[in-house]
Amino acid sequence: MIKPLIIFTTILFCIACDDKSMTLIHDKNIMKTPIKCMKLAVVSEDKNILQSMQKLYTFDDKCTLKLEISYKDGIHCNSNQNADRKALSTFPQSYLRMELREGLDLQYSYYIDLSDDIDEDALQRAFKKIQKELNIK
């Protein structure tokens with residue numbers, strides 16, 4: 001009896017901790033060599049996001065690769081079509097998108113819906129995942 005309970009608890013714990021972010025590699029060549037520099041572009045120049053990201057990486061404005069960060073806080077939906085989703089699950093309060101571009105060409109994208117507003121922890125988790133997937137130095 002205890003063994004199935006332990007297995008069930010372990011599975012439940014793993015599912016609850018699942019990262020619900022989505023990533024897409026648009027150009028497979030980006031994975032062939034380590035990324036040595038990036039410049040940062042934050043939509044709407046949010047000072048908190050800029051400061052948080054600068055703690056995580058030394059960005060270089062001369063670099064050709066650009067990490068673009070866009071987000072939206074305080075999402076709410078007045079549509080009746082989403083009433084069941086809002087009532088039965090956690091409807092996202094915000095989203096975070098990070099895209100790596102070389103010039104205008106999209107190389108890599110990261111996206112996640114969040115149940116809270118964007119904070120430093122969300123930015124850290126996102127950037128760590130990007131670093132791991134793309135071998136950023």
Side-chain angles (χ1 to χ4, degrees):
M1 179 66 179
I2 292 179
K3 194 171 190 176
L5 182 60
I6 292 171
I7 293 171
F8 175 74
T9 305
T10 304
I11 292 171
L12 186 60
F13 179 74
C14 291
I15 291 171
C17 294
D18 186 28
D19 180 5
K20 300 199 180 354
S21 64
M22 296 178 284
T23 60
L24 185 58
I25 299 167
H26 299 273
D27 185 352
K28 303 288 185 210
N29 291 325
I30 193 104
M31 300 184 73
K32 291 181 181 176
T33 57
I35 295 172
K36 296 180 181 175
C37 73
M38 293 183 294
K39 63 180 165 183
L40 180 62
V42 178
V43 175
S44 74
E45 297 288 321
D46 185 291
K47 206 184 310 185
N48 292 331
I49 291 177
L50 284 168
Q51 290 173 351
S52 294
M53 292 303 295
Q54 288 168 345
K55 290 178 190 175
L56 299 173
Y57 187 78
T58 304
F59 292 94
D60 181 0
D61 287 337
K62 297 174 189 161
C63 189
T64 59
L65 282 174
K66 177 171 50 173
L67 182 64
E68 293 180 353
I69 300 176
S70 60
Y71 66 95
K72 176 134 175 99
D73 283 336
I75 296 173
H76 66 280
C77 182
N78 296 329
S79 172
N80 291 337
Q81 295 172 345
N82 289 325
D84 60 335
R85 185 170 173 208
K86 290 191 317 189
L88 300 174
S89 68
T90 55
F91 195 78
Q93 296 294 313
S94 60
Y95 73 82
L96 174 62
R97 177 179 290 128
M98 294 187 182
E99 296 177 334
L100 190 61
R101 295 179 179 272
E102 185 153 18
L104 296 175
D105 297 330
L106 185 59
Q107 306 290 313
Y108 174 91
S109 60
Y110 169 95
Y111 177 89
I112 189 166
D113 285 325
L114 300 167
S115 57
D116 296 314
D117 288 344
I118 307 297
D119 61 6
E120 194 165 341
D121 288 338
L123 293 167
Q124 285 176 355
R125 284 191 308 272
F127 193 71
K128 282 182 183 179
K129 184 169 185 174
I130 294 169
Q131 277 183 310
K132 184 179 174 185
E133 288 186 359
L134 295 182
N135 192 18
I136 295 173
K137 299 293 178 184

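No hydrogens, no waters, no symmetry mates; every other heavy atom, side chains included, goes into these values. Treat the numbers as computed from the prediction; the structure is a model and nothing was measured.
Taken together through direct or relayed side-chain contacts under 4.5 Å among Ile, Leu, Val, Met, Phe, Trp and Tyr, Phe59 and Leu96 form part of one hydrophobic cluster.
Here CD1 of Ile30 is found 9.0 Å from CD1 of Ile25. Values are rounded to the nearest 0.5 Å. We find the CG-CD1 distance between Asp46 and Ile118 to be 9.5 Å, quoted to the nearest 0.5 Å. Once rounded to the nearest 0.5 Å, the distance linking NZ of Lys128 with CD of Gln124 reads 5.5 Å. Remark: Ser94 OG to Asp117 CG distance equals 5.5 Å, nearest 0.5 Å. Tyr57 contributes atom OH, which lies 10.5 Å from atom NZ of Lys137 (distance to the nearest 0.5 angstrom).
Looking at Leu24, Leu67, Leu100 one by one, the single match for side chain to side chain contact (heavy atoms under 4.5 Å, CB included) with Tyr108 turns out to be Leu100. Screening Arg97, Glu99, His26 for a side-chain hydrogen bond (donor to acceptor under 3.5 Å, both in side chains) with Ser109, the sole residue that qualifies is His26.
Within the 4.5 Å cutoff, the side chain of Leu134 has heavy atoms near those of the Met31 side chain. Between Asp27 and Asp105, the closest side-chain pair of non-hydrogen atoms is not below 4.5 Å.
Under 3.5 Å, the side chains of Glu133 and Tyr110 contain no donor-acceptor pair of N or O atoms. Using modelled atom types, one finds a donor on one side chain and an acceptor on the other under 3.5 Å when comparing Ser21 with Lys129.
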Validation: residues 32-44 side-chain donor-acceptor distances under 3.5 Å, sequence neighbours left out:
| unit_1 | atom_1 | unit_2 | atom_2 | d |
| --- | --- | --- | --- | --- |
| Lys32 | NZ | Asn29 | OD1 | 3.0 |
| Ser44 | OG | Tyr71 | OH | 3.2 |

With a 3.5 Å cut-off and sequence neighbours excluded, list the donor-acceptor pairs that the side chains of residues 47-55 form with protein atoms.
| unit_1 | atom_1 | unit_2 | atom_2 | d |
| --- | --- | --- | --- | --- |
| Ser52 | OG | Asn48 | O | 3.0 |

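Contacts classified as disulfide bond (SG atoms under 2.5 Å apart) and involving residues 107-137 (residues at least two apart or in different chains) are not found.
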